[in-house]
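Below is one structure; the comments refer to it alone.
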Amino acid sequence: MTVAKALGLQVDVKTVVTGAASGIAVYDHAPANPPNEYIRLDGFNIADVPMKRGQVARHAFEVHHFVANVSGQNSTRGQSRSKTVLAAIHAALMASELQGTAPQFEYLTVDTDVDGTTAHGLTRYNVVLV
């Protein structure tokens, strides 16, 4: 059953992301007092994939990158940093196998967060597991 692989997938993702984003804190929750720059793994969900050959499910997940606007910087620099970090994470994820399966890229977006100053990058992936 693929639901049993959900935690293993999250562990695999965290291992790859932590290695690709050296020196940046990686969380699986929104920290109460976040550092100026951090990554949050989120959006882990599972959906059935109709197959005649057994139980198959599509596991989706998101990688968020946040970088606060430090005094003297503008949001473009923060967005540039976010794009650079997410590109490194993307390359590492696409070169890896998660629970024995290559991930599929869905999309990337970088924008200013709701506070108006923090750059927030988001990438979404999925893995189809048996």
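Looking at Thr15, its side chain does come within 3.5 Å of a backbone N or O of Val11 through a donor-acceptor pair.
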Hey, mind stepping through Val63 and Leu86 against side chain to side chain contact (heavy atoms under 4.5 Å, CB included) and telling me if it holds?
CA-CA 8 Å; Val63 179; Leu86 289 175; 4.3 Å; yes
Quick one, Val85 with Ile24, criterion side chain to side chain contact (heavy atoms under 4.5 Å, CB included). Give me CA distance, side-chain angles, the key distance, then yes/no.
CA-CA 9 Å; Val85 169; Ile24 302 173; 3.9 Å; yes
What's the verdict on side chain to side chain contact (heavy atoms under 4.5 Å, CB included) for Leu98 and Leu129, showing C-alpha distance, side-chain angles and the deciding distance?
CA-CA 9 Å; Leu98 306 172; Leu129 299 176; over 6 Å; no
Run the numbers on Thr112 and Thr118 for side chain to side chain contact (heavy atoms under 4.5 Å, CB included), then give the verdict.
CA-CA 6 Å; Thr112 303; Thr118 301; over 6 Å; no
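In terms of heavy-atom proximity, Ala20 sits nearest to Ala88 at CB-O, 3.8 Å. Of all non-hydrogen atoms in Leu93 and Pro103, the two that sit nearest each other are O-CG, 3.1 Å. The two residues Ser82 and Val110 have their closest heavy-atom pair at CB-CG1, 4.1 Å.
In this structure, Ala102 has no side chain to side chain contact (heavy atoms under 4.5 Å, CB included) partners at least two apart in sequence or on a different chain. Checked against side chain to side chain contact (heavy atoms under 4.5 Å, CB included), Gln10 has the following partners two or more places apart in sequence or in another chain: Asp28, Phe44. By the salt bridge (Lys or Arg N to Asp or Glu O under 4.0 Å) test, Asp42 pairs with Arg40, sequence neighbours left out. The ring-ring contact (aromatic ring centres under 6.0 Å, His included) search around Phe105 returns His90, Tyr125, not counting sequence neighbours. For the salt bridge (Lys or Arg N to Asp or Glu O under 4.0 Å) test, residues two or more places apart in sequence or in another chain that qualify with Arg124 are Glu62, Glu106. For Lys14, the side chain to side chain contact (heavy atoms under 4.5 Å, CB included) partners at least two apart in sequence or on another chain are Thr18, Val26, Leu41.
At least one side-chain heavy atom of Ile39 sits under 4.5 Å from a side-chain heavy atom of Val17.
Residues in residues 108-118 take part in no salt bridge (charged side-chain N to carboxylate O under 4.0 Å, His left out) pair, two or more places apart or across chains. For the side-chain hydrogen bond (donor to acceptor under 3.5 Å, both in side chains) condition, the pairs that include at least one residue of residues 93-104, sequence neighbours left out, are Asp12-Gln99.
One hydrophobic cluster holds both Val16 and Phe61 under the rule that ILVMFWY side chains link at heavy-atom gaps under 4.5 Å.
When hydrophobic side chains of Ile, Leu, Val, Met, Phe, Trp and Tyr are connected at separations under 4.5 Å, Phe66 ends up clustered with Tyr27, Tyr38.
In summary, the aromatic rings of His120 and His65 are positioned with their centroids too far apart to meet the 6.0 Å limit.
Distance check: Asn45 CG to His59 NE2 gives 9.5 Å after rounding to the nearest 0.5 Å.
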